[in-house]
There are 2 protein chains.
Amino acid sequence: MSLRNAVMATLLDGEASGYDLAKAFDASVANFWMCTPQQLYRELDRMEADGLVSARTVQQEKRPNKRLFSLTASGLEALAGFTEAEHKPTAIRDELLVAVMAADANAEAVKASLRERKQWAEAKIARYERLKAKLLGNRTEEEFLGEAERVGPYLTLLRGLSFERDNARWCARCLTVLERRGARLDAST
Amino acid sequence: MSLRNAVMATLLDGEASGYDLAKAFDASVANFWMCTPQQLYRELDRMEADGLVSARTVQQEKRPNKRLFSLTASGLEALAGFTEAEHKPTAIRDELLVAVMAADANAEAVKASLRERKQWAEAKIARYERLKAKLLGNRTEEEFLGEAERVGPYLTLLRGLSFERDNARWCARCLTVLERRGARLDAST
DNA sequence: GCCACCTACTAAACTTGTTGACTAGGTCGA
DNA sequence: TCGACCTAGTCAACAAGTTTAGTAGGTGGC
């Protein structure tokens, strides 16, 4: 039910097509809410039916026509309602954690996954850092937080960043633990 | 598809009933994979049909009979296969993040949610700390990692712990940012 | 002696999310 | 000029997760 709200929060930045939203999602919302284009289009249709967004079709010459969506008054109201509702805490829900839970059964494979994930997390951190630098421009964080009209996207970016940093650190920790164990077990055979 | 694997990883500790699993999940797996009892029972039935677990019914006098599940050889094999597979990275997927993204539209409500979540996270941290102390017994972490036959559950516990610490820190950060903004905006009216 | 909670499940409907393939023209580099 | 990728979507089928409710006896506290 929250994809709706994520879409509306993104539309606070102004009109966008489904395709634009997919890209915007990928760039910023993906830190905390991923979805496929299909989900987006389906949800946009429903939101239009519910009057939360309105669409206008833009004819294009050299490309397929597109539909630009924008928030309606009732969409804005719904978003305000959502921010007032309770938000249940969530868990991480990551297959890698499941694998680590079972790591004692197959340590080598899990170590490989951990190495891969660590690299992935580091790449993501680098990407987030670039995004952050872009958002800040040549201002300090202080200046930005003082001036900007929206701080929400910046704050969520910080959360995504610290999540991935934490991931990378944890992967490293697991690797040293599993490697030390491996050495010990090898020594005792 | 990973609930299956989480269940199997839990069954590495030995036989358990659906009810036991629900509790065990709540206590340890819930850091990274939550589910309702209904999901568990449904999945256990399917897993039995697929030959991954076997059940034996235990007659009880003063309580409903229960079915104790244990891993079969092919279940163990499936779990090993799972640990070897690739594990896609996940995002956080938290409604609170969506609300913070829209925070500029309704700051007061979001601040209330942040305060609530911070408290919740702190409570969870305390619970994890207790669990950790219980796992360690009177050993140091070093000793535990050297001696224990399974380190998986400990490592996942560490991840849950750092996730919640991160949550609490981030909530605090958002609150100071939003409060400073509030003050500034009030001053400028 | 009553109320609330604990064990141990079952049922059904519903909402979300995932996967994979398909259309169809345009741009860009080798 | 060929193939690969980009825009801007659509469709269908399925898998997974959520919600809400119920059964039915036992235990523990006030």
Side-chain angles (χ1 to χ4, degrees), chain A residues 1-7 15-27 29-30 32-50 53 55-69 82 85-95 98, chain B residues 1-7 15-27 29-30 32-50 53 55-69 82 85-95 98:
Chain A
M1 211 53 188
S2 219
L3 177 56
R4 262 182 143 69
N5 301 294
V7 168
E15 247 184 3
S17 69
Y19 193 77
D20 294 335
L21 283 169
K23 276 188 306 175
F25 254 66
D26 200 35
V29 186
F32 58 93
W33 209 280
M34 284 195 335
C35 70
T36 57
Q38 289 71 7
Q39 277 182 74
L40 264 182
Y41 288 120
R42 181 172 52 174
E43 198 61 35
L44 281 167
D45 285 345
R46 288 189 198 152
M47 289 168 75
E48 197 188 359
D50 294 349
V53 297
R56 63 189 184 93
T57 302
V58 175
Q59 303 290 340
Q60 296 190 118
E61 299 264 299
K62 313 227 155 170
R63 322 181 145 272
N65 297 340
K66 62 179 171 182
R67 297 202 303 150
L68 287 179
F69 295 90
F82 167 75
E86 276 192 39
H87 307 296
K88 277 174 223 147
T90 49
I92 297 181
R93 194 168 276 262
D94 186 341
E95 292 199 343
V98 178
Chain B
M1 209 57 189
S2 219
L3 177 55
R4 261 181 144 68
N5 302 294
V7 168
E15 245 186 4
S17 69
Y19 193 76
D20 294 335
L21 283 169
K23 277 188 304 175
F25 255 66
D26 201 36
V29 186
F32 58 92
W33 210 280
M34 285 195 332
C35 72
T36 57
Q38 288 72 6
Q39 276 183 75
L40 263 183
Y41 288 118
R42 181 173 50 176
E43 198 61 34
L44 281 168
D45 285 345
R46 287 188 198 152
M47 289 168 75
E48 198 189 359
D50 294 348
V53 297
R56 63 188 183 93
T57 302
V58 175
Q59 303 290 340
Q60 296 189 118
E61 298 264 299
K62 313 225 155 173
R63 319 179 146 275
N65 296 339
K66 62 179 171 182
R67 295 203 305 150
L68 287 180
F69 295 91
F82 167 74
E86 275 193 42
H87 307 296
K88 277 174 224 146
T90 49
I92 298 182
R93 195 168 274 263
D94 187 341
E95 291 199 344
V98 178

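No hydrogens, no waters, no symmetry mates; every other heavy atom, side chains included, goes into these values. Treat the numbers as computed from the prediction; the structure is a model and nothing was measured. Chain letters run A, B, ... following the sequence lines, proteins first, then strands; residues in each count from 1.
Across the protein-nucleic acid pair, K23(A) atom NZ and dG9(D) atom P stand 11 Å apart, rounded to whole Å. If you measure from atom CE of M34(B) to atom P of dT19(D), you get 9 Å, rounded to the nearest angstrom. Put simply, CG on D45(B) is 17 Å from P on dA8(C), counting in whole angstrom units. Rounding to whole angstrom units, CZ of residue F25(A) and P of dG9(D) are separated by 15 Å. For the pair Q39(B) CD and dA8(C) C1', the interatomic distance rounds to 18 Å; values are reported in whole Å. Whole-Å rounding puts the E43(B) CD to dC9(C) C1' distance at 17 Å. Counting to the nearest Å, the P atom of dA21(C) and the OH atom of Y41(A) are 19 Å from each other. With rounding to whole Å, E15(A) atom CD is found 13 Å from dA8(D) atom P.
Checking dG9(D), dT19(C), dA8(C) against the side-chain heavy atoms of R67(A) singles out dG9(D) as nearest. Of the candidate nucleotides dG17(D), dT7(C), dT7(D), dG17(D) has the atom lying nearest to any side-chain atom of W33(B). Looking at the side chain of Y19(B), the nearest of the listed nucleotides dC9(C), dA8(D), dA13(C) is dC9(C).
Using a 4.5 Å cut-off on side-chain heavy atoms (C-beta onward), S17(A) and F69(A) make no contact. Two residues are said to be in side-chain contact when any heavy atoms from C-beta on lie closer than 4.5 Å; R93(B) and T90(A) fail this criterion. Looking at heavy atoms from C-beta onward, W33(B) lies out of side-chain contact with I92(A) at the 4.5 angstrom threshold.
For dT19(D), the OP1/OP2 oxygens have a side-chain nitrogen or oxygen of K88(A) closer than 4.0 Å. Contact between the side-chain N/O atoms of Q38(A) and the OP1/OP2 oxygens of dG17(C) is not found at any separation under 4.0 Å. S17(A) has a side-chain polar atom (N or O) that falls below the 4.0 Å cut-off from OP1 or OP2 of dG9(D).
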Would E86(B) and E95(A) count as a side chain to side chain contact (heavy atoms under 4.5 Å, CB included) here? Give the steps. CA-CA 9 Å; E86(B) 275 193 42; E95(A) 292 199 343; over 6 Å; no
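Looking at heavy-atom distances under 4.0 Å, R93(B) makes contact with sugar-phosphate atoms alone, never a base.
No salt bridge links K88(B) with D94(A); every basic N to acidic carboxylate O contact stays at or beyond 4.0 Å.
Nearest-nucleotide positions on DNA chain C for R46(A) and F69(B) put F69(B) closer to the 5' end. Along DNA chain C, the nucleotide closest to K66(B) and the one closest to R42(B) are compared, and the more 5′ of them pairs with K66(B).
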